[in-house]
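For reference, the structure discussed in these notes is given below.
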Amino acid sequence: MNIILLGPPGAGKGTQAHRLVAGQGMTQLSTGDMLRAARTSGTEMGKQVADVMDRGDLVTDEIVIGLIAEQLDSDASGGFIFDGFPRTLAQADALAELLDAKGQTLDAVIEMKVDDNALVARISGRYSCGECGAVYHDTTKIPAVENTCDNCGAVDKFKRRADDNEESLRTRLMAYYKDTSPLIGYYYAKGQLKRVNGLGEIDQVATRISAALGL
Ligand code: AMP
């Protein structure tokens, strides 16, 4: 099964993708993670996108479509979770073509609905483990042992994203409403959209997503 997790920044797409990877053996394809990895390894493309990402604007369709195209050949017998992709109608069309060319289908699009106030609160306290990507929060999800990841045990590896600040968040939200939210209508018209309440405990949201997917 191939699915898209669609929602504004801070909706919990990454967190829920990790759950689906662990629980269902799916493969997460996060264009945000791929772009951050390109920056960390200092590639030309990574340098090219750094300022755009820090501002909270969207990277060009060409770059992100290229990143996804490279990954679609990887072995993913449990199916792909597209996390943070597509973010524009052009990307959605490209994904449909890429899947078609591989004889694959898109099975569902989960729209995670979270109101803007909750997004600001979630994003402004967010940090993650640099080793395994597990996500934490200053007030709502603190590791059991200080500076130690509950998931993989890494010590002193926590990091915060450069774009998790109020100004970038405003730009990211604007990009979501302007460029990405038209995808809701696009997938609704195709009969693929499933809407899930993204507010509440991680487990509760995971249960809603599983129910929406018939898992
Ligand atoms: P994310 O981790 O999904 O929040 O993405 C972080 C940043 O990477 C975004 O604010 C964009 O600058 C860039 N980005 C990630 N995915 C895409 C995409 N599909 N299209 C354009 N830009 C993207």
Side-chain angles (χ1 to χ4, degrees), residues 2-21 27-41 43-72 80-99 106 109-112 114 116 118-130 132-137 159-184 186-187 198:
N2 297 314
I3 66 165
I4 292 172
L5 292 181
L6 184 67
K13 302 184 295 293
T15 301
Q16 295 299 330
H18 285 162
R19 296 287 294 252
L20 288 162
V21 169
T27 299
Q28 176 190 17
L29 294 184
S30 158
T31 40
D33 286 350
M34 293 175 208
L35 292 165
R36 280 185 287 279
R39 290 179 63 171
T40 307
S41 55
T43 65
E44 264 317 302
M45 184 271 277
K47 289 181 198 153
Q48 199 185 322
V49 299
D51 288 346
V52 176
M53 289 178 75
D54 287 348
R55 275 202 311 273
D57 283 323
L58 292 185
V59 168
T60 63
D61 288 336
E62 193 188 353
I63 288 178
V64 289
I65 291 166
L67 287 171
I68 289 290
E70 276 171 27
Q71 297 298 319
L72 282 185
F80 289 112
I81 307 162
F82 298 97
D83 161 12
F85 179 92
R87 264 177 156 96
T88 64
L89 289 167
Q91 291 176 25
D93 283 336
L95 179 61
E97 277 173 31
L98 284 168
L99 288 173
L106 179 64
V109 178
I110 302 284
E111 183 204 351
M112 298 178 64
V114 176
D116 287 359
L119 297 176
V120 175
R122 280 184 182 188
I123 285 205
S124 45
R126 174 164 89 167
Y127 58 98
S128 66
C129 172
C132 72
V135 182
Y136 294 88
H137 191 277
K159 53 179 196 183
R160 285 177 198 265
R161 284 173 46 167
D163 60 349
D164 274 353
N165 60 72
E166 222 175 307
E167 202 182 326
S168 295
L169 177 60
R170 247 196 306 274
T171 311
R172 286 154 72 198
L173 270 177
M174 222 119 74
Y176 179 76
Y177 289 120
K178 180 170 157 286
D179 297 312
T180 308
S181 66
L183 297 183
I184 295 168
Y186 174 96
Y187 288 117

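Quick caveat: nothing in here was measured; it's all calculated off a predicted structure. Whatever order the structure lists ligands and atoms in, that order sets their numbers, starting from 1.
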Seminar exercise, completed: Ranked by distance from atom 22 (N) of ligand 1, the top protein heavy atom is V59 N, 3.1 Å
Exercise. Between CG of L106 and CZ of F80, what distance do you get to the nearest 0.5 Å?
Worked result: 12.0 Å
Seminar exercise, completed: Here the gap from M53 atom CE to R172 atom CZ, rounded to the nearest 0.5 Å, amounts to 9.0 Å
Problem set entry | salt bridge (Lys or Arg N to Asp or Glu O under 4.0 Å) evaluation trace for E167 with R170 | CA-CA 5 Å; E167 202 182 326; R170 247 196 306 274; 5.7 Å; no
For this session: Look at the side chain of H137 and the backbone N and O of A121, then say whether any donor-acceptor pair between them is shorter than 3.5 Å.
Result: yes
Seminar exercise, completed: The reported gap from CZ in F85 to CG in L29 (rounded to nearest 0.5 angstrom) is 9.5 Å
Exercise. Quick one: does G84 get an N or O within less than 3.5 Å of an N or O on ligand 1?
Worked result: yes
For this session: Find all atoms of ligand 1 within a distance of less than 4.0 Å from any non-hydrogen atom belonging to R36, and give their numbers and elements.
Result: 2 (O), 6 (C)
Problem set entry | Closest to atom 1 (P) of ligand 1 (judged by heavy-atom distance), picking from R87, Q91, R172, M53 | R87
Exercise. Who's the nearest protein heavy-atom neighbour of atom 4 (O) of ligand 1, and how far?
Worked result: R161 NH2, 3.0 Å
Exercise. Identify the closest protein heavy atom to atom 11 (C) of ligand 1: which residue and atom is it, and at what distance?
Worked result: D57 O, 3.4 Å
For this session: Please work out which of T60, L35, D51, T31 has its closest non-hydrogen atom nearest to atom 14 (N) of ligand 1.
Result: L35
For this session: Please report the closest heavy-atom contact between Y177 and P182, naming both atoms and the distance.
Result: O-CD, 4.1 Å
